[in-house]
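We name chains A, B, ... by the order of the sequence lines, and we start the count at 1 in each one. None of these values were measured; they are calculated from a predicted model.
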Protein chains: 4
Amino acid sequence: MDRSPFFADLLNTIADRGRMMLNLVRGDEPVSADSLARLCTRLLSSQGEASGVAYAREILERWRALDADGRLAFLHVLRDRFGTDHARLADAVDAYRDAPDDRTALALHDAAEPARQELLRRLNLSPGGIETLVRMREDLLARLPASPDLAIVDADFTHLLSSWFNRGFLVLRRIDWSTPANILEKIIRYEAVHAIHTWDDLRRRIEPDDRLCYAFFHPQLGDEPLIFVEVALTRAMPLTIAELLADERPPVQPRLATTAVFYSISNCQEGLRGISFGNFLIKQVVEDLRRDLPGLTDFVTLSPVPGFARWLAEQTDPSAAEALNLVANEGWHADPALRERAGQHLLPLAVQYFLEARTTSGKVIDPVARFHLGNGARLERINLLGDLSSRALRQAHGLMVNYSYKLDDIEKNHELFAAKNDVAAAPTVRRLLPKAVVRSATPQLLPPGRSAQP
Amino acid sequence: MDRSPFFADLLNTIADRGRMMLNLVRGDEPVSADSLARLCTRLLSSQGEASGVAYAREILERWRALDADGRLAFLHVLRDRFGTDHARLADAVDAYRDAPDDRTALALHDAAEPARQELLRRLNLSPGGIETLVRMREDLLARLPASPDLAIVDADFTHLLSSWFNRGFLVLRRIDWSTPANILEKIIRYEAVHAIHTWDDLRRRIEPDDRLCYAFFHPQLGDEPLIFVEVALTRAMPLTIAELLADERPPVQPRLATTAVFYSISNCQEGLRGISFGNFLIKQVVEDLRRDLPGLTDFVTLSPVPGFARWLAEQTDPSAAEALNLVANEGWHADPALRERAGQHLLPLAVQYFLEARTTSGKVIDPVARFHLGNGARLERINLLGDLSSRALRQAHGLMVNYSYKLDDIEKNHELFAAKNDVAAAPTVRRLLPKAVVRSATPQLLPPGRSAQP
Amino acid sequence: MDRSPFFADLLNTIADRGRMMLNLVRGDEPVSADSLARLCTRLLSSQGEASGVAYAREILERWRALDADGRLAFLHVLRDRFGTDHARLADAVDAYRDAPDDRTALALHDAAEPARQELLRRLNLSPGGIETLVRMREDLLARLPASPDLAIVDADFTHLLSSWFNRGFLVLRRIDWSTPANILEKIIRYEAVHAIHTWDDLRRRIEPDDRLCYAFFHPQLGDEPLIFVEVALTRAMPLTIAELLADERPPVQPRLATTAVFYSISNCQEGLRGISFGNFLIKQVVEDLRRDLPGLTDFVTLSPVPGFARWLAEQTDPSAAEALNLVANEGWHADPALRERAGQHLLPLAVQYFLEARTTSGKVIDPVARFHLGNGARLERINLLGDLSSRALRQAHGLMVNYSYKLDDIEKNHELFAAKNDVAAAPTVRRLLPKAVVRSATPQLLPPGRSAQP
Amino acid sequence: MDRSPFFADLLNTIADRGRMMLNLVRGDEPVSADSLARLCTRLLSSQGEASGVAYAREILERWRALDADGRLAFLHVLRDRFGTDHARLADAVDAYRDAPDDRTALALHDAAEPARQELLRRLNLSPGGIETLVRMREDLLARLPASPDLAIVDADFTHLLSSWFNRGFLVLRRIDWSTPANILEKIIRYEAVHAIHTWDDLRRRIEPDDRLCYAFFHPQLGDEPLIFVEVALTRAMPLTIAELLADERPPVQPRLATTAVFYSISNCQEGLRGISFGNFLIKQVVEDLRRDLPGLTDFVTLSPVPGFARWLAEQTDPSAAEALNLVANEGWHADPALRERAGQHLLPLAVQYFLEARTTSGKVIDPVARFHLGNGARLERINLLGDLSSRALRQAHGLMVNYSYKLDDIEKNHELFAAKNDVAAAPTVRRLLPKAVVRSATPQLLPPGRSAQP
């Protein structure tokens, strides 16, 4: 049922009607966390459809009008006034203890549910409600480090958003130069890995036949992408980001490409952090590409190593010290001699960083590595001087890596990683681990996996 | 991302891959509730995406292959083996009693959740999973009367289906003669009120400009309608179903119509019983029609009265006895004298049935009345001999009624009905209540509300 | 720019406005060919857009209201009053003779154009104009045999319709069970070869995975198909139509099919007769199927032989006489002995009919053969008892044939046929020509033991 | 039938096949007008579908590879070798003179048709043919001034393009910020009146609710717009372009707007010059806006006056001399005193320019005026200092005008203008004509105190 852009949509009409009946004209009381709390209470007790939608819309509109302090106060309201009904729960506990069976357990389950969950469900029925709830969680996440006591509120958001953003609802769409401009501007805005500066920049990433982009969308968020991945079709696993983003480069005919490179994955909705789609996005794109371009044999990433420099700075062995010493020279990467010497140290250290170094809780340190290895990918190659942007030099002394997705190994890799933090790595990478003397390091980029490439 | 009909879809590919890895080739063990139970256990403990999807698909495929006994056994498996983990819950209860706060309450909430809920969530990730789960609940509902112990399993189905069929996901579509045939055949099949016998029958309901039909769809159920409503545009509130369904009738130009008549509402998915969409469907259609056809002023139904005859049979007062006596004459409705006398008794009894009679739990008896009055509609008129089909004669001695939806009163009507079972009724209906002598009853149809029509 | 079904479309609005200005309220003069002639004259001299569209619409509406005599009179009007302006043409001829160059030739070209062409162009600008013009030509074609003097009018229709139905405008759409019902009912109505009796009949032709249907549409004719072809996917070239249309048959998985059988091609618009799309439709479908189903290797038809019986009845040689004698026995085809003897005669006669018999103007006699051979197909096989319907028995003594489309030979076959009426035929067909003794049923041609055919 | 972007389309496949058969591998002869001529001859004599499409595609591909000299030579080829067949025409002339009737006239019509027309028709069947033919005419039009002998070639292009771009085929689409980027970049490129410099510029023209844009498209040209119009919704007829294009301005709610201002109309396809769509575009947009926004009462333009300065420079009367003298002061428009004095002279001269001045052939001088007046618009107001861009100052001394489209007057205005060059003008404009002393700026016409204009 198409709607003219000139006409308000139905839910708004219903809500308008509800508001009139309920004398909810905004401005009748000051917008404050307190007034919102009163409205939330009324929403939870309302039974009419129209009044419910009217309250929900009013609450969300007032929330959007709150300043930072007001929003914090509202989070406290959510935490303090819409938690569990302990009197009711105590009764349910007693009943369960009297007769501990599935029926009393389910009653207990219901009684233990915080009122917040029903509140959030009802807010979600407002027109555009889900979008505002995502923004609300974004606000919440930003405050969590300073207010860990809000974690209990986040638990309810996470539970419900996971259900509403259930993978079955996600829609994959190709993004290209014939995509509507209002979506493209979001791609520009949300690109988190390799910034897109202008519309011409963007066009270079999505218009050529050997550059693809795919995004997930959700029916209730309309034209708002959730996550997108940029893909380059090439004839070899790339060593540097520069070769992929170059203005002038010989295009590759898609049918002749052998390799699909996932060189940038960006989450768009901070408020959906932790509700994972990336895993599934990559796999779906791999399947689609395999079907459309049977010539593709390799599915790899070209990924940053954002935790490397920080980890290295904490290492104390002589090789690390020497490496840090060398890269302390400004412009070291432009000097062939410095570059070679630095590479001889950085490469084995990087291998150690991936394969051996762990956080105190036993996890792989690099967050990007955790994502891809957790998806079942394999660490395929480490590329010195893969990215010479100031950010990459600062975070990773220029390192980039390739992870590869081999469909037949994904499940096995994933299970080993999940169970034991075992990192799947190409033999050519693994071989560099035991302080192997790095001979004459192939000029600036030492592609260690090269010889083993199928 | 369109898919050729010739190619399997992605989730199937993933599942195929998973199945191969897991040696899940069907046939390796007999299809039984027991083997399904084992697979369910494995699904709950699996961590890989592909293996999870593979298990889920396998379980659902095997379930579809089960016979009635196997399906009952599987429901028992769900009831007995995938309930609450009582050991874990006991610990959570202890922890809560030690420190009863929101945090321990939430932990209690989690611990009290039956394993079934996570199991159903994971089954839902299989390709086409949601559809099979709806079928599974259909099977469950059919057994509930005989096996009330399955109610606890149904509680979990209801909880999750309510979330997945959240109103925000529903899509309203007009059904007309340019609707795809595979959808239309479902309209034919699911019409529950006034049967559609042939494609020509169907065409008479959806092709003329003064006959409309709208349905709700859900993105994951594709072309499967959830509920639909049939609407006639007229210039007066109709007295009989025959005048709406007549083969030959003068069509009304939509712009000149004053009245939209909802004359049939059918739920399509037995497995979604109790997960209500009808309320919202009517209101959305009313809003859409108001926008497109400003000439419409009245939104009414022409509805059956399915509980009247049964109720009447239990009445013992003289008028009821006389009425029953009269309608016991076969063909009474074709005899002017019998018809008039019967009407004089039936009409006040019908008013009493709606306004005063109540179930033992205090509810309005008629299920259709409960639906419309619960939505905020008003009982507008009672039509003797509104439907002379054998079903209607048997269930309601031919009675039909009009409910009217006045947007400004909906909320108020709804709240009074919800709070006190107060039935909103037109004064012309209400006036008939106190044993009023029904004079000279307008021939066979006595439209009591006529004079009050705006 | 979508339009609500409740609102008139723009051209109508413009035309309404024009009509008011021009006092064109219908009924102000009687609807007659004469009044139409006056309006046509005004249309040709009008300059305003609105008035032009208003005249055009009025003319076409009045034409639709004419009875058969009125329409014939209108065709005479077109023939007599909107031909060439001979005075103007005479001047142009003189000018050309004075200075015969391309400039004067072009002026001559313009002057010689009948006024009808501009009239038809202007009528085409009316809302829905093209559809009425197609109906008008349908009327014209039906009268041509009796009124050959109308051929000159038809020449102008043909010229303009060929341009408007230019192949570049045609849109190919798959027809299946998810096609809108209003299109499907046209498929039922227009099927010209093997009648579709019910919606269930139709469903058997378009819903199974191994049954496909494709149609051409034109943007200005909306949901009105121009031509469609029905295709069966099989694993062998079929011998009989019954095996394709059987209710119960084992379906073939599309990926395993080797053969696409075009078993019915129907033109939908009698008014577009002679404006050929069939050629292009088959080739486009072949290309699409090759792309989507690489397993397909053979593209063949199963076609009727509508001219065979009539031709045979005129033959006088002994074999023909004997054949006619045999098939004169009612039920001959159900009697094994009769059937075998008839086949021994019919088969070589059929080969002769295709390969040697010619019309007085030297053409292949069979119209279906002319179509497929003219498209570059090859006569692949002759199937005795291919169709036992009463029509096929009457027209072809039950014969059907397969033509095959081999893409690499199409052009060559086409050119030889166009140039010399050379019929491309399989060696197995050709071999039967020289009065070869047909032994007890050539294996590959005579369907052995088909006694069970319905 | 959607096609994957990775697969070539059907016509190309057919053409590829045809090319192989015909040994048309490009490069086998040099690309020259002469080689094209030979291919054109072969195309005209080819009968096969595949070979025809192959020739056509080859010709168009070679044409695109030609340099300017080659393209001129090819136009000469078209002019000289594909004109009328004079021998055949002479016979037809003789036949006509022998028996001058409609039949021989039609034969004459056919014989007089230049071979070019059939050649162009066949070229149009190539994939993408129409687009290249539009480019070819663009080339031709650019050469016409220098080579008027090519006009006869242009006559054939015009005839055929008019038929193929028949109004009935045009599709109106709204252009807004959700329009695909590949279309939007064409809007940026083709804007001919008020240049769009950046994507942000563009967004200001199409994203706000009170800024609209509509374009015509043609099915065979895909995403290539033919013409588009930009519309501002306002509450008064605007005086200056600056007020419409300002970065910061209070937006108008569409429902409250009274006036739709067409402030820029751009033709996109130079090769379609003279094949008019603008007339129809404006009228269709007016109708659509009236339907969607009933509050709109005025439909006006804000238009440039490109011929005014040139005309004024040729005037010799004292007022003109004085006006020219005043505007010769650089920055006159920023000086209140100069501005006022200049206005007193320019305004009546402008009225004279529109109402009285005519070309030698009796036409209104201003091309934009001819377009709108020819469409039936009325000259509503003359705005001094309407556009202070250097181009507008140079061409029109800053003048802009409003034309208004009143639906009830369009036809009458159009007919008077077409018949007698009668200019419809508002009384307030007309009153200024008879050398009326322009007192300190007629209130409604001279924008008072516009010194702050950027």
Side-chain angles (χ1 to χ4, degrees), chain A residues 1 7 10 13-14 17-18 21 47-51 79 83-84 86 89-90 93 96-97 100 102-103 105-106 108-109 112-114 121 124-125 129-130 152 155-156 163-164 166-169 171-174 214 219-220 279-280 283-284 287-288 291 376 407-408 410-412 414-415 418-419, chain B residues 1 7 10 13-14 17-18 21 47-51 79 83-84 86 89-90 93 96-97 100 102-103 105-106 108-109 112-114 121 124-125 129-130 152 155-156 163-164 166-169 171-174 214 219-220 279-280 283-284 287-288 291 376 407-408 410-412 414-415 418-419:
Chain A
M1 190 143 283
F7 292 105
L10 168 74
T13 316
I14 289 184
R17 195 174 304 281
M21 292 180 313
Q47 296 203 311
E49 167 128 36
S51 56
R79 185 194 59 195
T84 301
H86 289 279
L89 178 52
V93 163
Y96 177 70
R97 286 163 58 93
D102 276 8
R103 204 181 43 76
L106 190 61
L108 191 53
H109 178 66
E113 188 182 274
R121 278 188 210 105
N124 185 29
L125 296 183
I130 207 168
I152 199 160
D156 294 323
S163 160
W164 297 331
N166 178 316
R167 195 183 68 194
F169 286 123
V171 179
L172 184 69
R173 286 204 239 160
R174 169 99 185 263
Y214 296 88
Q220 284 186 290
N279 169 18
F280 192 58
K283 286 174 194 163
Q284 181 153 356
E287 295 285 358
D288 281 10
R291 188 193 63 210
L407 290 174
D408 292 338
I410 280 180
E411 198 76 1
K412 187 188 63 201
H414 161 79
E415 304 231 322
Chain B
M1 189 145 281
F7 292 106
L10 169 73
T13 317
I14 288 184
R17 198 175 302 281
M21 291 179 313
Q47 296 203 313
E49 166 127 35
S51 55
R79 183 192 62 195
T84 302
H86 289 279
L89 179 52
V93 164
Y96 177 72
R97 287 164 56 94
D102 276 9
R103 205 180 41 77
L106 191 61
L108 193 53
H109 179 65
E113 187 182 277
R121 279 189 209 105
N124 186 28
L125 296 183
I130 207 169
I152 199 158
D156 294 322
S163 161
W164 297 331
N166 179 314
R167 196 184 66 193
F169 286 122
V171 178
L172 184 70
R173 288 202 238 161
R174 170 101 184 264
Y214 296 88
Q220 285 187 290
N279 170 19
F280 193 58
K283 286 173 193 162
Q284 181 152 352
E287 295 286 357
D288 282 9
R291 189 192 64 211
L407 289 174
D408 293 339
I410 280 179
E411 198 76 2
K412 189 187 63 202
H414 162 79
E415 304 231 324

Residue part contacting chain B, namely of A:Asn166, when any heavy atom lies under 4.5 Å: side chain
Contact summary for A:Ala112 and B:Ala105, nearest pair of heavy atoms: CB-O, 3.5 Å
Closest-packed option against chain A by number of heavy-atom pairs under 4.5 Å, given B:Arg121, B:His86, B:Gln220, B:Arg103: B:His86
Pair A:Thr84-B:Leu108, side chain to side chain contact (heavy atoms under 4.5 Å, CB included): steps then yes or no: CA-CA 11 Å; A:Thr84 301; B:Leu108 193 53; over 6 Å; no
Side-chain heavy-atom pair B:Leu106, A:Pro114 within 4.5 angstrom cut-off: yes
